[in-house]
Amino acid sequence: MRSAKIGWSFGLAACLCWGIAHADKTDIEKEEKLQKALTLSEKRLPLNELLAKIRQQTQVSLTIAQDLADEKVTLFVRERPAGEILQKVADLYGAAWEKGEKGYTLRMTTAVRAMEREQLALEERIEREALLETLKDMAQKSQQPFEQYLQERLDADKQFWELQSQMRRLQQEQPEGWGKQVLETSKQIQALMKKGAGNFSESLPHYLVGGMISQWSDAQWQSFWRGEPQIAATKHHPAFQSIPVEALNWQRRLKEAEKEQRKHLPVEYFGGDLNEYHEPEDSGVLTDSKMIVLSLTYEPEAGQCSLSMYVEENNGSLGITSGLSGSFSQDTSQLNETALMKHWTERAATYDQLMKALKEWAKNPKYELIVQSQDLDDWLEQLFAQANINIIADSFRSHHFFSHSAQKPEISLTQFWNQISDEYLMIKYQNYWQLRQREIPERLLRPLINKVKEGKAIDLDDYADLCVKLSHKQATELESNREKYEFDTSPFYYQRALRLWGSLNNQQKNAARKALPYAQLTPVQKQKVVHILARSIAQGESMGLLLALIEENPEKQLAISLSDLQNDAKFGAYQSDTLISYGESLQEVQEMLDSQNSNQPIVLKPIQTRSWLFAMKLVGRNDPATEVEDWSGVNFIISFTHPEKKKEQEKPEK
């Protein structure tokens, strides 16, 4: 066993405890039954399950506070006392063991929990302030006449593209002192972009939403911050906020100005060469607008805001302009000076200290770790195998770990707070409080994972039941990082529809097999419907449904419908273990792959798919079976399993 003096060679950064420094052993380390040496090799294991394993081997009662139970840990330990392991785990999470009459309970310390709450509150405040600054700027600019506002945007846009042209010429010709000129030009471009230059089509939605929010009451602001869609239109209706009817003329004026502006833009804006003349294409002018609708929504959990403008023409065509989306310019420098950041940073080892420890543990002064893995848990397992080191790390599926170097991947550990403590390397994510908001507890994932392992199909209720238990960030994580999960998570793209379905009782679900009238929904369910319809305006859908809903058409009513499509064996095209396409014929799939000129080996496998068509539609009030006249549909590819795998499982045991 190596001497504990190794850890002390790193001074303060290598103090024995990551939480509150202590020289003496804690009560749990002194516990006689917990002197038993354990060897553990676990990846992404919930803390409550880790304690259950140690409790089973030591017969000591170990419990955990509910807010820590779902935290995950990866640990690789060789023959170390159970009490010592448990104390290191507590240090990693800023927690402490409380001794009771029957055993020990792990709880987060009040100090660390308070620092985490402070950090999250600060991040939320910075996000809101940045968004509020953007919205207030729109409100201020909307107070000037539209023609004046339009001219300012035209002038800024023209200057923006002239500077872009100048930037490109500098980079191509590289005259003397061109580097400083590029830097100065870049600053000017950034300043113009803050004013909205470079995206002229956003002019009208910004002007209109500025006018809309300048009239908001405190109650409307509170509704906005809660995430409720704010809808305004030129069509007068009690359910809509008002947009001036003159906006229909402003839309025509904007398109005419945009067309005229395109004649004077630099040719490279259209993809032409600097030395060639390129006649811009005529994009046409939308005229005779019938109605304009704005949809503005803030996502509290994601800290994002989206603005879309829907323009309906008399000829039936429509145009959609996304005027605001994503995150906003924020000054995050103060986030690095918080008590939480200082708490962990002061205890972290430097890169040089880390490398010195790794070489010592590997008993090789020229030690170089060679690992081929982009998954941190696998990376640590290989490190454990190559060096005489015990590893404890917090663990998240939602983290994207990419090694900076295949030959020296330890450089990637600079993304973490690394602690050298006795014979342990302890690793903590530098943004763990953010990752925790997106992380899904394993106890919620396992029912679906087990179904897949057993060859069973996941159904719509499985997805909906899981979705209602998740936050917006968690559901988005499932959809956007599908490769990290053992079942098909693509249905979470439609998380709002899943939440609506999950909120229905059995009687409502049975009715929806034909048509469930909107009038029969609860107030909360109705709100979910409005959210779905407001969101789908941005895709050019559901405006007719939304109008029918608020106009209460006596002939037609909004209904929810679900159709269970038949199972169908189809071909799935796999390339490098990635699903490229399915639902195509074998010939169509092969033609598609051939057109990509791919040299990688391709394996085609039959796939069993099951789909549900979830739709909102207008039906006759007295005939719920009426054909769909106007609908906003959502197709779910719910699950797939390999039939050949299922057959193998059905074989009788010999």
Side-chain angles (χ1 to χ4, degrees), residues 12-13 15 17-21 46-47 64-74 88-96 106-134 225-227 298-305 326-350 376 392-401 412-419 421 426-441 470-477 481:
L12 178 62
C15 63
C17 178
W18 219 346
I20 301 173
L47 284 181
I64 187 170
Q66 188 60 42
D67 61 348
L68 274 172
D70 289 324
E71 297 281 350
K72 300 167 190 173
V73 64
T74 288
K88 297 298 183 187
V89 169
D91 296 342
L92 180 69
Y93 291 93
L106 183 64
R107 299 184 190 279
M108 181 70 74
T109 63
T110 303
V112 172
R113 184 62 84 201
M115 287 189 288
E116 290 182 10
R117 285 197 295 266
E118 178 188 20
Q119 186 84 15
L120 288 169
L122 178 59
E123 290 180 355
E124 182 180 353
R125 180 169 62 82
I126 290 174
E127 288 175 349
R128 286 200 177 190
E129 287 178 351
L131 170 58
L132 194 57
E133 182 180 350
T134 301
W225 291 123
R226 286 196 300 268
Y298 174 67
E299 291 284 2
E301 293 182 350
Q304 295 182 339
C305 183
S327 302
F328 305 91
S329 178
Q330 305 168 18
D331 179 10
T332 58
S333 58
Q334 54 186 310
L335 292 175
N336 298 322
E337 302 300 323
T338 61
L340 183 69
M341 296 292 286
K342 291 179 180 179
H343 173 81
W344 295 114
T345 302
E346 290 172 356
R347 293 161 173 77
T350 66
L376 178 64
I392 301 180
D394 50 359
S395 182
F396 299 92
R397 284 180 184 252
S398 56
H399 177 69
H400 306 284
F401 176 79
S412 296
L413 285 180
T414 56
Q415 302 176 57
F416 307 91
W417 286 300
N418 306 298
Q419 175 69 20
S421 180
M426 297 167 64
I427 301 173
K428 191 164 190 66
Y429 286 80
Q430 289 185 359
N431 63 335
Y432 71 90
W433 64 90
Q434 296 172 335
L435 293 171
R436 186 186 292 152
Q437 295 179 73
R438 301 201 305 264
E439 192 71 10
I440 298 96
L470 303 179
S471 68
H472 172 78
K473 286 186 178 180
Q474 289 173 322
T476 301
E477 160 65 23
N481 296 300

Exercise. Quick one: does E439's side chain have a donor or acceptor within less than 3.5 Å of a partner on R397's backbone?
Worked result: yes
Exercise. Residues two or more places apart in sequence or in another chain: which of them pass side-chain contact (heavy atoms from CB on, under 4.5 Å) with D70?
Worked result: P441, R443
For this session: Please list, chain by chain and in numerical order, all residues satisfying side-chain contact (heavy atoms from CB on, under 4.5 Å) with T338, sequence neighbours excluded.
Result: Q119, L122, L340, M341
For this session: To the nearest 0.5 angstrom, please state how far the CD atom of E127 sits from the CD atom of E129.
Result: 11.0 Å
For this session: Kindly determine whether D394 and E71 satisfy side chain to side chain contact (heavy atoms under 4.5 Å, CB included), including the steps that lead there.
Result: CA-CA 8 Å; D394 50 359; E71 297 281 350; 5.9 Å; no
Exercise. Going through the distances and angles, do Q334 and I126 end up as a side chain to side chain contact (heavy atoms under 4.5 Å, CB included)?
Worked result: CA-CA 10 Å; Q334 54 186 310; I126 290 174; 3.7 Å; yes
Problem set entry | Pairing residues for W225 by the side chain to side chain donor-acceptor pair (under 3.5 Å) criterion, not counting sequence neighbours | none
Problem set entry | side-chain contact (heavy atoms from CB on, under 4.5 Å) partners for R113, two or more places apart | D67, M108, E116, R117, R436
Problem set entry | Residues which pass side chain to side chain donor-acceptor pair (under 3.5 Å) with E124, listed by chain and number, not counting sequence neighbours | none
Problem set entry | Any side-chain heavy-atom pair of I440 and E477 under 4.5 Å | yes
Problem set entry | Under the side chain to side chain donor-acceptor pair (under 3.5 Å) test, residues paired with Q430 that sit two or more places apart | none
Seminar exercise, completed: For A95 and L68, the nearest pair of non-hydrogen atoms, with its separation, is CB-CD1, 4.0 Å
Exercise. Is a side-chain donor or acceptor of Q474 paired with a backbone partner of R438 at a separation under 3.5 angstrom?
Worked result: no
Seminar exercise, completed: Taking every heavy atom of K428 against every heavy atom of L92, the minimum-distance pair comes out as NZ-O, 3.0 Å
